[in-house]
Amino acid sequence: MKPIDFRSDTVTKPTAGMRRAIAEAEVGDDVYGEDPTVLRLEARVAERLGLEAAVFVPSGTQANQVAIGAHCRAGDEVLTEAGSHILHYEGGAVPALWGVQPQPLPGERGLLTPEDVAAAVREDNMHNPRTRLLSLENTHNRGGGSVWPVERFRAVVDVARKAGLAVHLDGARLFNAEVAAGVPASTWARLTDTTSVCFSKGLGAPVGSALAGRADLIKEARRLRKRLGGGMRQAGILAAAALYALDHHVERLAEDHANARRLAAALAEVPGVKVDTARVETNMVFAEFDRPALEMVTLLGGHGVLTNPAGGPRSVRLVTHLDLSAADIDESVARIRRALA
Ligand SMILES: Cc1ncc(COP(=O)(O)O)c(CN[C@H](C(=O)O)[C@H](C)O)c1O
């Protein structure tokens, strides 16, 4: 039985069209700034996000980390929502790489309030770490793929600016937010100092992310990328896939969102499964079971449905993506019914 893979939208494989773009890519040595396809992608991302410059990086983790390294010095503090990716899934990189203290803030589905941000900013006193950066995430992974309402995002950024903080946006799934909210990704990005985007998730590229932002910050981020061994050579073969994804795979994210709603509605009818269908905003479904999450992941895996724990004790995450069809959704629900029978 061919497994149906909901573990993440990172599992997608390049389409035939994307493979042709990869094969035909014009390349050069990107460390020397001579790869024309990488240069084209970086210019395209900066323009698409309404920011001055961009740098192509191997992963979303590296995009976040070189941003934090560019913004902060050792002893600084970065404010971030308590379920953020930079806290839970980047190998402790924030303190390990930069000597920066992450300060988790309480959020609701990953979203913060201006009041909570204002209350977390430290006074300038030598006993205190220096609060330097606010790091946001849109869509928010542990928040269930939630989308930041633009006005709330603006209000939170305004408070950070008034407190003299820099603002980074982890936009790994920013194009999902764009399609779900019906506003351009630049609506959020242009309010920030740096914004990352991933091509290797819902957009279906095999590798790669980009960090966009103020030119001075991107220059520093490029240096830090090199320090981390992220300087790439003929990376145009990867950048070509990312450009193809920007041209052909953004609008279709609406299909992934529709498939997530289809999955949530069907799962809500399965005895023993609880799903808050109203909270499915993009390509993620969080299903609650009456057994521990890891036990459920194993059980469902044995029935050909691959998932991941979502963070809560009984919560399992199912992510829809380019390589899953509506028929796969229906078949997966039938398999889950059998697994729970
Ligand atoms: C919001 C956000 N920011 C950054 C990243 C890191 O991207 P990569 O380093 O995996 O390219 C991810 C990947 N998320 C992955 C997933 O969701 O399956 C895992 C958890 O790392 C992410 O969800």
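One-based numbering, in listed order, for ligands and for the atoms of each.
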Could you go through R142 and Y89, starting from their C-alpha distance and side-chain angles, then the distance that decides it, and tell me whether this counts as side chain to side chain donor-acceptor pair (under 3.5 Å)? CA-CA 11 Å; R142 276 201 173 195; Y89 300 114; 2.9 Å; yes
Applying side chain to side chain donor-acceptor pair (under 3.5 Å), run through D323 and H321 and close with a yes or a no. CA-CA 6 Å; D323 292 345; H321 53 76; 4.8 Å; no
Indicate, with yes or no, if the rings of F199 and H249 have centres closer together than 6.0 Å. no
Select all protein residues for which some heavy-atom-to-ligand 1 distance is less than 4.0 Å, and list them by chain and number.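 For ligand 1, the residues that come within the 4.0 Å heavy-atom cutoff are S8, S59, G60, T61, N64, H85, Y89, E137, N141, D170, A172, R173, K201, R317.
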Heavy-atom check, side chain of L322 versus side chain of R252, under 4.5 Å: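 Yes, at least one pair of side-chain atoms sits under 4.5 Å.
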Residues in side-chain hydrogen bond (donor to acceptor under 3.5 Å, both in side chains) with E47, at least two apart? none
D290 and K274 ion-paired at < 4.0 Å: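 So D290 does not pair with K274 through a salt bridge.
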